[in-house]
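What you are looking at is a predicted structure, and each value in this text was computed from that prediction instead of being measured. Both counts, for ligands and for their atoms, begin at 1 and track the order of listing.
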Amino acid sequence: MVQSFPQPPLTLPELLAPAGSLEKLRVAVHYGADAVYLAGKQHSLRARAVNFSEHELRQGVDYAHNHGVKVYAALNIFAHNNDLDELASSLAFLAAARVDACIVADPGVIRLAKQRVPAMPLHLSTQANVTNLEHARFWEEQGLHRLNLARELSLQEIEAIRAAVDCELEVFVHGALCISYSGRCLLSSYFTSRDANQGDCAQPCRYSYALVEEKRPGQYFPVIEDERGTYIFNSRDLCLLRHLPALVQAGVNSLKIEGRMKSVGYVGAVVHLYRQALLWIRAQVSAGANLHSLVLPQEFFAELETIGTRGYTENFFQGSPDAGDTLHQASRLAQSHVPVGLVRQAEPLFIETRHMLAVGDEVECLVPGRFQPLSARVAAMEDEKGQAQERAHAGRLLRIQLDPEIAELSPHSLLRKKLTG
Ligand code: SF4
């Protein structure tokens, strides 16, 4: 029932975004992340993300802190003995660089961190697979400041863990899923010698598979879903957008978006969507609505279609997933829009192109603090020497004129266009 008196402002959980590079960090901050997670060149579970040099990491921390945003650094490998000296140096460097917490999974790394950087808050990585409240209590007793809960939990299990511990809880709300427990999988090691548990997964779960009978080597029996075969281990992507009110009510402290390997366009669009959804929830509650009965409007879900995806699943949030939670027909689904440019300068307007762009194209601009994108037509483009351009490939720096002009654009804003055909 809607109450007639205003409520005190709702405290929202932190929105935690992936920052696979300095540029992605700035875009995540631009679109409303409260915190970002990143990694140096070693020791994280994303060895092939661009990741940060020491100089870039210091720059990233300064930039984030100047915008009131926290930075967490991933040190979540399962270490071997010969990693330990370098890990000790990394911990000292991260403390000196003023990161706000380290993300860890290996008890040995946790012990080392407590010895070498005792004041550093430690966040338990999803790699540690916290699936029950005794497991959560154990890590709380070890002094962990925050636990990222396993993606294999239901809402009821999250609520029970919340009631059992006082430390912060973090939940993945959006992004790619493993078909194993959060990366604890040897598929990539077998097929490509790239170790998922050292951050180097080649994602062979996304390959197209066929069946071979032992006595008929070389005879591949197609497992037919359609003419392209089937992708039997290709999980759909996680999306808990619909359950944000329940997660806020459950007292989760941080909502994490997966994707340090994803593009800058993806990071900006997903952070923008979740920030707008959280602001909408707070506005509704301030106007007297009950949190537990809130239903996000359809526009939020329409916006999801503009972002590249394998289709979406809510995974274990309301019960075990079934065959419908795997995308069998293809490795990915087609997306309706594609990022075409990143604003480098607003006045005059310079963008770096990320896709083919031509004069006459209709573009949409994602503006922080505003849910609906603003539309405009590309009226003219010229290169850095002032030469008029009719069309441009990705990777160009162009001065462009939009019709109508969009005053709200600023550096790090994204432009996208609808894909045709
Ligand atoms: S192969 Fe797939 S399931 Fe295995 S670790 Fe890599 S992404 Fe996860």
For ligand 1, which atoms sit closer than 4.0 Å to a heavy atom of C201?
->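 Near C201, meaning under 4.0 Å from one of its heavy atoms, ligand 1 has 1 (S), 5 (S), 6 (Fe), 7 (S).
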Ligand 1 atoms in contact with P204 (distance to a heavy atom under 4.0 Å) |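 Ligand 1 atoms under the 4.0 Å threshold to P204: 1 (S).
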Does a side chain donor of either Q389 or D383 reach within less than 3.5 Å of an acceptor in the other side chain?
->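 Yes, D383 and Q389 have a side-chain donor paired with an acceptor closer than 3.5 Å.
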Please check if any side-chain donor atom of R151 sits under 3.5 Å from a side-chain acceptor atom of N129, or the reverse.
->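 Judged by distance alone, the side chains do not pair up.
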All N/O donor-acceptor pairs, side-chain side in residues 10-17, below 3.5 Å, sequence neighbours left out:
{"residue": "E14", "atom": "OE1", "partner": "Y72", "partner atom": "OH", "Å": "2.6"}
{"residue": "E14", "atom": "OE1", "partner": "R146", "partner atom": "NH2", "Å": "3.3"}
{"residue": "E14", "atom": "OE2", "partner": "R146", "partner atom": "NH1", "Å": "2.8"}
{"residue": "E14", "atom": "OE2", "partner": "R146", "partner atom": "NH2", "Å": "3.2"}
{"residue": "E14", "atom": "OE2", "partner": "S254", "partner atom": "OG", "Å": "2.6"}

Does NZ or CZ of R236 lie under 6.0 Å from the centre of the six-membered ring of Y312, at an angle within 45° of the ring axis?
->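 R236 over Y312 ring: no.
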Would one find an N, O or S atom of C178, in either backbone or side chain, under 2.8 Å from atom 8 (Fe) of ligand 1?
->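 C178 does place an N, O or S atom closer than 2.8 Å to atom 8 (Fe) of ligand 1.
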